[in-house]
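The structure under discussion appears below in the form of structure tokens.
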Amino acid sequence: MSAPIKPELSRKNRYWIPKYRHYELKYFCLQYNEWKKLYSEISMLRTAKYNDSVRTKQIIDPTLRIVEMRQLYSSRINLIEETAEKTDTDLSVYILKGITEGLSYDSLRLRFNIPCSKDTYYDRYRRFFWILDKRRE
């Protein structure tokens, strides 16, 4: 069993972000697969589920609500995918898998035969979170 990557780096590291900001971004990314599932299923949702006009005494447009939800999930999915692509175009698929599924380098190497060293992967891993931190400010 491999040791988990430390969430906090030395402040001298070029990809340093605060420990709890790293956790925030990590758990944000772990929701990626759920967002993809919800995004694909959202068109099948019944509009009655979102019609709370009797309870809240507000006029609610169920179609607008669904469009807003699709846009929210789409923007989050795209943010993570674009950040992975911006981090390293060659390794973006592996970075995306590792970050959104919580896979270690060893798991990626065994399952997908990742074409880089452990040091290179974790450098890109840290860079991903550094870029995501800048994009989510």
Side-chain angles (χ1 to χ4, degrees):
M1 184 172 186
S2 65
I5 187 166
K6 294 189 305 186
E8 191 164 37
L9 300 171
S10 165
R11 287 185 185 261
K12 294 177 183 178
N13 189 300
R14 62 184 170 182
Y15 301 131
W16 179 85
I17 57 175
K19 177 181 179 179
Y20 293 108
R21 177 65 172 165
H22 173 80
Y23 283 139
E24 176 187 343
L25 296 171
K26 180 179 179 177
Y27 290 112
F28 175 79
C29 292
L30 288 173
Q31 298 173 69
Y32 173 84
N33 291 323
E34 183 178 337
W35 294 331
K36 286 194 74 139
K37 180 182 174 191
L38 289 170
Y39 181 80
S40 65
E41 293 176 352
I42 207 159
S43 60
M44 296 180 228
L45 295 175
R46 292 181 21 185
T47 56
K49 182 177 179 181
Y50 297 101
N51 192 356
D52 298 336
S53 58
V54 176
R55 258 190 321 172
T56 62
K57 297 182 182 179
Q58 295 177 354
I59 298 174
I60 295 176
D61 182 358
T63 305
L64 179 62
R65 177 72 177 132
I66 288 173
V67 168
E68 288 173 344
M69 289 174 60
R70 284 182 62 101
Q71 193 277 329
L72 174 70
Y73 295 137
S74 174
S75 66
R76 290 180 176 180
I77 290 166
N78 289 337
L79 174 66
I80 292 174
E81 289 174 352
E82 289 169 4
T83 303
E85 188 69 29
K86 190 174 182 179
T87 301
D88 188 321
T89 55
D90 297 332
L91 298 176
S92 62
V93 174
Y94 304 105
I95 291 169
L96 193 62
K97 279 266 186 219
I99 287 170
T100 61
E101 297 177 20
L103 300 176
S104 68
Y105 171 80
D106 294 331
S107 297
L108 290 169
R109 187 173 46 101
L110 290 173
R111 286 187 185 173
F112 306 107
N113 198 21
I114 186 170
C116 68
S117 69
K118 192 174 211 172
D119 291 338
T120 302
Y121 172 74
Y122 282 117
D123 180 68
R124 299 312 185 278
Y125 177 92
R126 291 178 183 105
R127 180 182 167 142
F128 172 89
F129 285 110
W130 182 76
I131 293 171
L132 186 62
D133 179 49
K134 301 299 179 215
R135 294 184 76 186
R136 287 213 38 161
E137 287 183 334

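The figures here come from the full heavy-atom set of this structure, side chains too, leaving out hydrogens, waters and symmetry mates.
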Hits for salt bridge (charged side-chain N to carboxylate O under 4.0 Å, His left out) against Glu34, two or more places apart or cross-chain, chain-then-number order -> none
With sequence neighbours excluded, give me every salt bridge (Lys or Arg N to Asp or Glu O under 4.0 Å) pair touching residues 86-96.
-> Asp88-Arg124
Side-chain contact, heavy-atom cut-off 4.5 Å: Tyr94 with Pro115?
-> yes
Verdict with reasoning, Asp123 to Arg14, per salt bridge (charged side-chain N to carboxylate O under 4.0 Å, His left out) = CA-CA 10 Å; Asp123 180 68; Arg14 62 184 170 182; 3.5 Å; yes
Contacts of Tyr27 that satisfy side chain to side chain contact (heavy atoms under 4.5 Å, CB included) - sequence neighbours left out = Tyr23, Leu30
If the plane angle is over 60° it's perpendicular, under 30° parallel, otherwise tilted; pick one for Phe129 and Tyr125.
-> perpendicular
Got a sec, which residues hit ring-ring contact (aromatic ring centres under 6.0 Å, His included) with Phe128, two or more places apart in sequence or on another chain?
-> none
If only atom types and distance count, is the side chain of Tyr122 paired as donor or acceptor with the main-chain N or O of Tyr105 below 3.5 Å?
-> yes
Please tell me if the side chains of Arg126 and Ile17 come closer than 4.5 Å, counting only heavy atoms from C-beta onward.
-> no
Any sub-3.5 Å donor-acceptor pair from Ser75's side-chain atoms to Gln71's backbone N or O?
-> yes
Kindly write out the residues that satisfy ring-ring contact (aromatic ring centres under 6.0 Å, His included) with Phe112, not counting sequence neighbours, or none if the list is empty.
-> none
The salt bridge (charged side-chain N to carboxylate O under 4.0 Å, His left out) partners of Glu82 (sequence neighbours excluded) come to Arg135
Gap separating the CG atom of Leu91 from the CG atom of Leu108, nearest 0.5 angstrom | 10.0 Å
With sequence neighbours excluded, residues passing side chain to side chain contact (heavy atoms under 4.5 Å, CB included) with Leu72 = Arg76
So, the side chain of Tyr73 versus the backbone of Ser40: is there a donor-acceptor pair under 3.5 Å, distance only?
-> no
Hydrophobic cluster identity match, Met69 and Leu79, side-chain contacts under 4.5 Å = yes
With sequence neighbours excluded, residues passing salt bridge (charged side-chain N to carboxylate O under 4.0 Å, His left out) with Arg109 | Asp106
From Cys29 SG over to Ile80 CD1, what is the distance, rounded to the nearest 0.5 angstrom?
-> 4.0 Å
Check each of Lys26, Arg21, His22 against Glu24 using the side-chain hydrogen bond (donor to acceptor under 3.5 Å, both in side chains) test, and report the only one that passes.
-> Arg21
Non-neighbouring partners of Glu81 that pass side chain to side chain contact (heavy atoms under 4.5 Å, CB included), sequence neighbours left out | Tyr32, Lys36, Ile77, Asn78, Leu96
With Glu68, which residues qualify under side chain to side chain contact (heavy atoms under 4.5 Å, CB included), at least two apart?
-> Leu64, Arg65
Hey, any chance Trp35 and Leu103 share a hydrophobic cluster, counting ILVMFWY side chains that come within less than 4.5 Å of each other, even indirectly?
-> yes
Interatomic spacing from NZ in Lys97 to OG in Ser107 - rounded to 0.5 Å | 12.0 Å
Partner residues of Ser92 under the side-chain hydrogen bond (donor to acceptor under 3.5 Å, both in side chains) criterion, sequence neighbours left out | Glu85
Return yes if some donor-acceptor pair links the side-chain N/O of Thr87 with the main-chain N/O of Thr83 below 3.5 Å, else return no.
-> yes
Can you name the residues that form a salt bridge (charged side-chain N to carboxylate O under 4.0 Å, His left out) with Arg111, not counting sequence neighbours?
-> none
